[in-house]
Protein chains: 2
Amino acid sequence: MLFSVAPNEDAGAWRAMTTGVAAGPLPAARKETFCSSCQARAKGMCAALAEAELSGLSAISRSRVLASGLPVIREGEHADAVYTVTSGMLKLFKMLPDGRQQITGFASAGDMIGLSYGDSFAYTAETITAATVCRFPRNGLSTMMARHPHLQGRLLAMTSIELTAAQDQILLLGCKNAAERIGSFLLALARRAEGTAGDPQPTVFLPMQKTDMSAYLGLRPETLSRQFRKLEDAGLIERVAADRIRLLDPDALSDMAGRVA
Amino acid sequence: MLFSVAPNEDAGAWRAMTTGVAAGPLPAARKETFCSSCQARAKGMCAALAEAELSGLSAISRSRVLASGLPVIREGEHADAVYTVTSGMLKLFKMLPDGRQQITGFASAGDMIGLSYGDSFAYTAETITAATVCRFPRNGLSTMMARHPHLQGRLLAMTSIELTAAQDQILLLGCKNAAERIGSFLLALARRAEGTAGDPQPTVFLPMQKTDMSAYLGLRPETLSRQFRKLEDAGLIERVAADRIRLLDPDALSDMAGRVA
DNA sequence: ATCAACAATTGATCTGAATCACTGTTTGTG
DNA sequence: CACAAACAGTGATTCAGATCAATTGTTGAT
């Protein structure tokens with residue numbers, strides 16, 4: 001049953017994903033499908049259900065291990081399922097006909113992708129690290145929601161949180177200059193990261209490429225690079241590694257970022 | 001009972017609103033409170049309930065008539081209620097400490113404001129025309145949602161739609177230039193307006209000030225003014241009145257806007 | 001280990017939109 | 001009705017960030 005192609009699945013898209021699997025050994029993926037041992041068990045929508053209710057989710061879901069750089073859903077395609085990320089990171093983006101692309105967010109363990117009111121996906125989601133995602137056919141999920149109102153409430157809460165994040169991003173893109181955007185982004189990462197609470201000089205992990213980061217912040221990679229140098233020269237940040245930055249003065253950064261997000 | 005200040009209401013904010021009422025005669029407002037005769041009966045969250053179920057909403061809601069330029073909710077304030085717009089238009093905006101403000105959206109009949117996961121409002125909502133809003137205390141609404149799962153489902157759908165709109169706005173602010181932003185905005189207005197479906201040269205109504213429009217599009221009023229002139233000179237639009245514009249060539253406008261919202 | 005392909009950095013230059021300054025036009029008010 | 005205050009339009013100038021161009025890492029495939 002696991003890894004079988006369900007009748008209403010977009011076989012083409014899934015085939016492409018399966019072909020790309022290189023890193024993740026299949027047995028590991030198989031284990032993921034048992035919700036009770038899932039890394040994201042306590043996060044996202046699954047957190048809404050008691051242990052005993054999980055069997056229903058297990059029954060309708062399928063888990064997949066994906067290599068980096070593979071699409072999970074594509075903007076405009078028929079939305080017959082939603083997905084939960086259980087490990088790794090994805091970028092969510094929209095494109096204009098001429099190729100310009102705007103990253104609307106990053107998704108990691110516990111986050112949901114593909115939930116939309118219409119019948120087609122509003123954005124493309126692509127892995128930017130090796131990742132595991134869990135697929136829930138729409139009709140199966142509807143049944144579950146009808147049976148467990150808690151679940152619907154949880155989805156409403158998650159969607160509201162996402163909406164708030166989107167509005168913060170609108171504020172960032174509409175009002176803030178390059179330095180403020182980067183400051184806001186670093187602080188948001190620090191806030192979301194676990195184990196950095198209370199650390200006066202938190203180190204943030206940047207798994208995405210600079211190119212993706214700039215596409216998220218509405219800047220060009222060159223601008224990002226220059227602004228990072230300025231922040232470094234000003235003694236506000238320190239590059240610990242290529243993908244790791246220590247915030248030397250979060251308060252100053254916060255002031256600069258407009259004390260928001 | 002109508003217009004009384006409920007115990008958990010922010011009396012200060014409401015007093016301010018009531019003071020400002022000038023246009024709306026009270027009897028008219030009183031009528032609004034009977035949901036069955038509400039202008040927004042078939043829109044927004046109320047559409048989820050059958051006629052017989054409306055009494056529950058009537059019981060917990062209070063309707064108010066507001067003059068233009070008055071706040072309904074304020075960013076950061078304690079969120080103990082949500083509101084539905086039943087007539088008129090509001091602007092929703094967030095501010096930075098230094099005063100820069102970004103309008104995240106406009107709300108009109110059927111739209112909901114103040115729904116958020118946290119315990120404080122994420123944005124300020126202010127009337128930009130005379131308007132009527134309907135107040136639902138949070139706990140009353142929770143009770144209603146528990147009783148009517150349809151209602152919760154409707155809220156989820158509405159929030160998803162709003163999220164999609166927010167992501168479109170992120171694309172607009174992150175990628176598009178001034179002309180494209182205006183084109184997208186005009187087309188979105190034309191699409192939302194009733195009675196313009198199929199009209200090859202729809203006329204759109206712009207109730208908001210140029211200042212608000214520019215704050216929504218992440219531009220300065222001067223830039224907006226110049227771009228409008230260019231669109232006019234290019235024969236794409238025609239100014240029918242100060243607040244009314246006819247789209248002479250929606251297709252060309254659509255191409256220019258990147259064929260997206 | 002080598003090399004091709006791609007990502008990141010840095011510099012030089014350009015440009016779209018912001019800013020500044022002023023004028024005309026509404027709007028609301030006593 | 002007059003008049004202040006706010007809004008809208010236009011021109012001149014500036015500037016933040018984009019674009020163009022070149023170099024230097026990094027990565028991953030063979």
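Predicted model only: the values in this text are computed from it and were never measured. Protein chains get the first letters and strands the later ones, always in sequence-line order, with residue 1 at the start of each.
Following rounding to the nearest Å, E232(A) (CD) and dT9(C) (C1') show an atom-to-atom distance of 12 Å. With rounding to whole Å, R181(B) atom CZ is found 11 Å from dG16(C) atom C1'. Atom CG in L224(B) sits about 18 Å away from atom P in dG16(C), given to the nearest Å. D243(A) has its CG atom 16 Å from the P atom of dA7(C), to the nearest Å. Here the P atom of nucleotide dG16(C) and the CZ atom of R220(A) are 14 Å apart, to the nearest Å. If you measure from atom CD of Q227(A) to atom P of dT9(C), you get 13 Å, rounded to the nearest angstrom. If you take CG of L219(B) and P of dA17(C), they are 7 Å apart, rounded to a whole angstrom. Separating the CZ atom of R100(B) from the P atom of dA17(C) is a distance of 19 Å, rounded to the nearest angstrom.
Contact record, I73(B) with G114(B): CD1-CA, 3.7 Å, taken as the closest heavy-atom pair. Nearest heavy atoms, L224(B) versus L217(B): CD1-CD1, 4.0 Å.
Both Q209(B) and T223(B) sit near DNA chain D, but only Q209(B) has its closest nucleotide nearer the 5' end. When the nearest nucleotides of DNA chain D are assigned to A178(A) and M208(B) by heavy-atom distance, the more 5′-ward of the two goes with M208(B).
By the 6.0 Å and 45° rule, K91(A) does not stack over the aromatic ring of Y123(A).
Residue contacts for G218(B): at a heavy-atom cut-off of 4.0 Å it reaches the sugar-phosphate backbone alone, with no base atom in range. Among the heavy atoms of the strands lying under 4.0 Å from R226(A) is at least one base atom, whether or not backbone atoms are also near.
K230(A) contributes atom NZ, which lies 12.0 Å from atom OG of S225(A) (distance to the nearest 0.5 angstrom).
Under the 3.5 Å distance criterion, the side-chain polar atoms of D98(A) are matched with a main-chain donor or acceptor of R100(A). At distances below 3.5 Å, not a single donor-acceptor pair connects side-chain atoms of Y216(B) with backbone N or O atoms of F106(B).
Between the side chains of S184(B) and K176(B), a donor-acceptor pair is found at a separation under 3.5 Å.
Of all nucleotides in DNA chain D, those with any atom nearer than 4.0 Å to a heavy atom of chain A start and finish, going 5' to 3', at dG17(D) to dC20(D).
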